[in-house]
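Side chains included, hydrogens not; waters and symmetry mates left out as well; all remaining heavy atoms used. One is the number of the first residue; the rest follow in order along the sequence.
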Amino acid sequence: EHEQRRNSGRSECRRHCGLDIDGIPIRPGERVALRAVLLDCQNDGAVSAKYSFAGSVCGRMDLGLIADCRGFGSAESENGSYVGGIAGLGNATIRGCFAKCTLSGRSYVGGIVGSGLERGAEDTSSTVTGCCNMVRITDCEQYSGAIAGRNVGEFLENFFVSDTLAGIDGQSYGGKAEPIGYDALLETEHLPDEFRTLTLRFEADDAVLTQKTFSYGDSFDEHVYPELPQKDGYYAQWDRTELEDLRFDTVVSAVYTPYTTAVSAGVKRDNGQDVFLVEGDYDDNVPLFCTRDSIAKQCKVIDHWQVKSR
């Protein structure tokens, strides 16, 4: 008989890291612990979860070790929580990892781990040590931090660069979850090259039009924008027009909005109906105004209007 059966797996990959543990026979009354080890893994691809537990390297880890891994792909949860630059939820040891990505979720969103656990399976607790990151959290209703969203478990010698985030759930801690400057980050031992340059990318319909690298704090004027691709029946515009003091990887996307084919001139009759509609292809900000012409008072004319664009 086996009192405890373990499965240890090591995964070395660059995209969508994870372990698939299957085919383990379990007899009634047996006690089983599944342990996983992720070493030197890197994810560059975007991770999207409909519900909870999204991580750039690991969604949820109840036992095991994540060491020397790198999360460079964005992670998001559409309708759930627990999102992390390395792990969404970790009741494990996370050691010597780096993250540089964007994150979003309802709650418990952290640059290294969304949340750890005080005590979990096998009476273990989460430990985050020797990690470093530079992340951006685009959406989180509560419990967010550059290192972790929730202050549970043990934290030691973790550092981050951010102008907007604190270390753990709104607070930073010296020696545990400590902010540093970008220049100090560059002196970090074994820092991946991805931290040394930033990327400005222009996209349209998920296709990359142009991209260029830049240095921390650079600014760009309108000349950096490529020609905006047009689409029949839509008007196009960039989703951001100011590119000043950029301190993170930046994506500028083309936004396409269907033209409005009939626009009210804003004048209504007593019964609430429009006096007339102007047909054509218009965007949401079409500036039309009209005035009633005096000829209607001088001649036998039912109505006479002038419509102009501002």
Side-chain angles (χ1 to χ4, degrees), residues 15-16 44-51 54 56 72-80 83 101-106 109 136-141 198-214 218-293 295-296 301-310:
R15 298 178 67 87
H16 306 295
D44 299 301
V47 176
S48 180
K50 188 172 181 63
Y51 300 109
S56 187
F72 296 139
S74 63
E76 66 171 357
S77 171
E78 296 180 18
N79 302 300
V83 179
C101 53
T102 58
L103 306 166
S104 65
R106 285 189 175 181
V109 179
R136 174 173 292 174
I137 297 178
T138 58
D139 186 31
C140 182
E141 297 175 5
L198 304 176
T199 302
L200 172 64
R201 186 166 68 247
F202 292 88
E203 296 182 347
D205 287 337
D206 296 325
V208 177
L209 302 177
T210 62
Q211 68 177 25
K212 64 182 302 178
T213 58
F214 65 92
D218 279 354
S219 300
F220 300 92
D221 59 20
E222 66 277 5
H223 296 99
V224 75
Y225 287 83
E227 182 178 355
L228 187 58
Q230 302 298 314
K231 293 173 63 175
D232 290 341
Y234 295 81
Y235 69 91
Q237 58 187 355
W238 296 113
D239 64 351
R240 60 182 298 174
T241 56
E242 294 185 3
L243 299 173
E244 300 287 334
D245 191 22
L246 300 181
R247 301 187 179 190
F248 198 76
D249 292 328
T250 302
V251 177
V252 182
S253 300
V255 178
Y256 295 97
T257 306
Y259 279 121
T260 300
T261 57
V263 176
S264 170
V267 181
K268 297 184 180 296
R269 300 195 183 278
D270 293 339
N271 61 5
Q273 294 182 344
D274 292 300
V275 173
F276 47 81
L277 298 174
V278 180
E279 293 185 351
D281 290 334
Y282 301 100
D283 60 31
D284 289 337
N285 300 314
V286 56
L288 295 179
F289 71 99
C290 61
T291 57
R292 199 165 193 170
D293 198 279
I295 189 173
V301 177
I302 296 176
D303 238 341
H304 191 276
W305 298 83
Q306 289 186 353
V307 180
K308 298 180 180 180
S309 175
R310 296 184 189 276

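Judged purely by atom type and a 3.5 angstrom limit, S219 uses its side chain to pair as donor or acceptor with the backbone of D245. Put simply, the side chain of D44 never gets that close to the backbone of F72: no donor and acceptor are under 3.5 Å apart. Of the possible polar contacts, one joining the D221 side chain to the H223 backbone as a donor-acceptor pair under 3.5 Å is found. Looking only at distances, no side-chain donor or acceptor of E242 sits under 3.5 Å from a matching main-chain atom of R240.
Considering every non-hydrogen atom in both V83 and S104, the closest pair reads CG2-O, 3.5 Å. Nearest heavy atom pair, residue R201 against residue Q211, reads CD-OE1, 3.3 Å. Smallest separation of non-hydrogen atoms from D205 and K231: OD2-NZ, 3.6 Å. What you find for D239 and V255 is that their closest heavy atoms are CB-CG2, 3.7 Å.
The distance from atom OG1 of T199 to atom CZ of F248, rounded to the nearest 0.5 Å, is 10.5 Å. One distance of note links CG of D139 with CD of E76; it measures 9.5 Å at 0.5 Å rounding. Note: T257 OG1 to Y235 OH = 4.0 Å, rounded to the nearest 0.5 Å.
Heavy atoms from other residues, nucleotides or ligands lying under 6.0 Å from NZ of K212 number 12 at most.
Put simply, the residue from V252, L243, T210 that forms a side-chain contact (heavy atoms from CB on, under 4.5 Å) with V224 is L243.
Under the 30°/60° scheme for interplanar angles, the aromatic rings of W238 and Y225 are found to be tilted.
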Exercise. What do the steps show when you test S77 against R106 for side chain to side chain contact (heavy atoms under 4.5 Å, CB included), and what is the final call?
Worked result: CA-CA 7 Å; S77 171; R106 285 189 175 181; over 6 Å; no

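Residues T250 and L198 fail the side-chain proximity criterion, which asks for heavy atoms closer than 4.5 Å.
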